[in-house]
Amino acid sequence: MEGIPEVMKMAEIIVPVLTPFNDGKINIELLKEHTSSLLKAGVDRIFVNGTTGMGPALSPGEKETNLKAVLEVTDKVIFQVGSLNMGEVKSLAREGKELGVKTIASYAPYYFTGLPKSLIVRYFKEICGEHDEVYLYNYPSAVGKDVDAETVKEIGCLKGVKDTNDSINHSLQYKRVNPGMKVFNGADTLVMTSIATGLDGTVSAAANFVPEVLVEIRRKVSEGKVGEAMKLQFMVDELVSLAKGYGYIPSIYVLVKGIRGYDVGNPRPPLFPLGDVERKELLDKAIKIMEKYNKNEA
Ligand code: FW2
């Protein structure tokens, strides 16, 4: 791969892995199989207990269960520990350290509106007191607050950020204000843009069902085949937009099974699994989208 700009070779594809449930319990074997399959497809790291993993719906014990299952497969893990209980957050951060996890992450305390910036800063500083490598998971539209580049500078101890944000400029701002910090964009629609702009990579839920496509986008961008990369990105966009119409997270379970060919259980209510009719409809439409792009008809 001579002649490829260094920054593009290093752009990481990180998957916020789903959590497979059966009868209300995490199915550890399915999680391990899914993790192995994603790594074989070329993803670089596994983000555990993210949004797609239904992090806010998991007990501390379940977050730990997910971590231990993934660690049986790989040490390339980011362990998301956020919750609304500081004691639990710190205890999970310590647990991560004891288990040798290199990187942990947290979203900001959600639900409570009007928290002053000083409390957000303190929340992250307390986590940094428990672990050497802490990433911010910034997701303003879900969490209700934006931990922006200036706030990150004030926190001072964060080593990276996963910014789920439709504005690439917002993600780039972290780099400008905090040189040396790792910055990943978390929007499925900005995989190509994240790589091409020199961010450290992407954290994309779509990597659960089309990991090879994301790996291919990275390759095309690094080879300067931007038009081809854009086409693949548009295919991902169409799939994501279709899936969102049925409820994104429940749809991901269906798409993994339908596209990748193995079972990953179900989501946990209130993210109810799709019914049979919806499953079939979603999958038929998804396959048509993929065929259209594969036949170059898009
Ligand atoms: C996660 C992600 C991806 C989400 C994105 C939201 O933790 O699941 O932020 O899929 O639509 O990073």
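Remember, it's 1-based here, ligands and their atoms both numbered in the order they're listed. If you read the sequence from its start, that first residue is 1, and numbering goes on from there.
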S37-Y262 side chain donor-acceptor pair, cut-off 3.5 Å: yes
S204 and D188: side chain donor to acceptor below 3.5 Å: yes
Modelled atom types, side-chain donor and acceptor of Q173 and N169, under 3.5 Å: no
Pairs under 3.5 Å, nitrogen or oxygen of ligand 1 with protein nitrogen or oxygen:
{"unit_1": "ligand 1", "atom_1": "7 (O)", "unit_2": "T51", "atom_2": "N", "d": "2.9"}
{"unit_1": "ligand 1", "atom_1": "7 (O)", "unit_2": "Y137", "atom_2": "OH", "d": "3.2"}
{"unit_1": "ligand 1", "atom_1": "7 (O)", "unit_2": "K162", "atom_2": "NZ", "d": "2.6"}
{"unit_1": "ligand 1", "atom_1": "8 (O)", "unit_2": "T51", "atom_2": "N", "d": "3.3"}
{"unit_1": "ligand 1", "atom_1": "8 (O)", "unit_2": "T52", "atom_2": "N", "d": "2.8"}
{"unit_1": "ligand 1", "atom_1": "8 (O)", "unit_2": "T52", "atom_2": "OG1", "d": "2.6"}
{"unit_1": "ligand 1", "atom_1": "9 (O)", "unit_2": "Y137", "atom_2": "OH", "d": "2.9"}
{"unit_1": "ligand 1", "atom_1": "9 (O)", "unit_2": "T164", "atom_2": "OG1", "d": "2.9"}
{"unit_1": "ligand 1", "atom_1": "12 (O)", "unit_2": "K162", "atom_2": "NZ", "d": "2.1"}

Q80 side-chain N/O to N49 backbone N/O, donor-acceptor pair under 3.5 Å: yes
Selection residues 265-279 - residue pairs positive for side chain to side chain donor-acceptor pair (under 3.5 Å), sequence neighbours left out: E62-R268, N266-R279
Verdict with reasoning, K90 to E126, per salt bridge (Lys or Arg N to Asp or Glu O under 4.0 Å): CA-CA 8 Å; K90 288 168 82 167; E126 297 231 353; 2.8 Å; yes
